[in-house]
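Reading through the structure tokens given below for one structure.
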Amino acid sequence: MGLDQSQQRQYLDEMGIRVWVRRSLPQPEEVNALPESMASHTNVQEIIDPAMAITAAVKTVVTAKVSQDWDTLASQVTNCTACELSKVRTQTVFGVGNREADWLIIGEAPGAEEDRQGEPFVGRAGQLLTEMLRAIGLTREQVYIANILKCRPPNNRDPKPEEVVLCDAFLTAQINLIKPKIILAVGRIAAQNLLKSDTAIGQLRGRSYLYGEQEIPLVVTYHPAYLLRSPLEKRKTWNDLKLAVKIFKES
Ligand code: URA
């Protein structure tokens, strides 16, 4: 996490949380023996994994503060310093497109070009995504495009779990504001994080899901960057896109 100790303390103080740091995992009987008042979700997490407990506490504070108003939300993203990616980004990449779109496209995280331009999917993979959308009769302007992370991970490494946890409130707020009729999750990282699954993307694709309390239909497909490397998978992607269109029309 990119927070120094005093920032962590500030978040934790706001939460009224005391963190227990220990070197070894507690034995099950120790956890079972906790008084009722400490056996809450957060406190048990704190004892089992202090680092993730701090992340969870910070997430709770960030979530509570995240705005449900577009302009405020956008400036909260611009100014976010909740994780260490804020130190290495050129700029945040909020999302782009129609804020009342029926279709929400969710990718992984900004790459080098997106970090430079401040807009998602503008590099080579982005051009292919635009073509994929055009194939089903959609323009970039009609849909909304966002990512799991708003900041570029260095060297395009996979997002770390704590980065995803901390950024999640922003994407959730965007979904609540847009109220899309369908979500297209492009790539493994988007699919696995939205579906809270570690199943391989090859098994996640090919069917539809219902996302969140609003039960928004969600379809998974391959990431365009992967398709650039493995063009033979374009046929499966086309099937995924047709499935998404079918589900959208039925909704
Ligand atoms: N890959 C993504 O997942 N998102 C982008 O915005 C660019 C590349």
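Remember, it's 1-based here, ligands and their atoms both numbered in the order they're listed. For the numbers below, each heavy atom of this structure counts, side chains included, while hydrogens, waters and symmetry mates do not.
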Checklist entry - Shortest non-hydrogen contact from L149 to P110? => result O-CD, 3.2 Å
Item to check | Nearest neighbour in protein (non-hydrogen) for atom 5 (C) of ligand 1 | outcome: A109 O, 3.4 Å
Next on the checklist: Hydrogens and angles aside, do E108 and N193 bring a side-chain donor and acceptor to less than 3.5 Å of each other?
Outcome noted: no
Checklist entry - Do Q174 and K150 have a side chain donor and acceptor closer than 3.5 Å? => result yes
Checklist entry - How far is atom 4 (N) of ligand 1 from its nearest protein heavy atom, and which residue and atom is that? => result N147 OD1, 2.8 Å
Checklist entry - Does a salt bridge link E163 with R157, judged by any charged N lying under 4.0 Å from a carboxylate O? => result yes
Checklist entry - Looking at R116 and E113, does any basic side-chain N land under 4.0 Å from a carboxylate oxygen? => result yes
Next on the checklist: Counting non-hydrogen protein atoms only, what is the nearest one to atom 1 (N) of ligand 1? Give residue, atom name and distance.
Outcome noted: H223 NE2, 3.1 Å
Checklist entry - Using heavy atoms and a threshold below 4.0 Å, how should the contact between E114 and ligand 1 be classified: side chain, backbone, both, or neither? => result side chain
Checklist entry - Do any nitrogen or oxygen atoms of F121 lie less than 3.5 angstrom from nitrogen or oxygen atoms of ligand 1? => result yes
Item to check | Structural part of P120 in contact with ligand 1, heavy atom criterion under 4.0 angstrom | outcome: both
Checklist entry - Can a salt bridge be assigned to the pair R152 and D115 using a cut-off of 4.0 Å between side-chain N and carboxylate O? => result no
Item to check | For G107, atoms of ligand 1 separated by under 4.0 Å from a heavy atom | outcome: 3 (O)
Checklist entry - If you measure from each non-hydrogen atom of A225 to ligand 1, which part falls under 4.0 Å: side chain, backbone, both or neither? => result neither
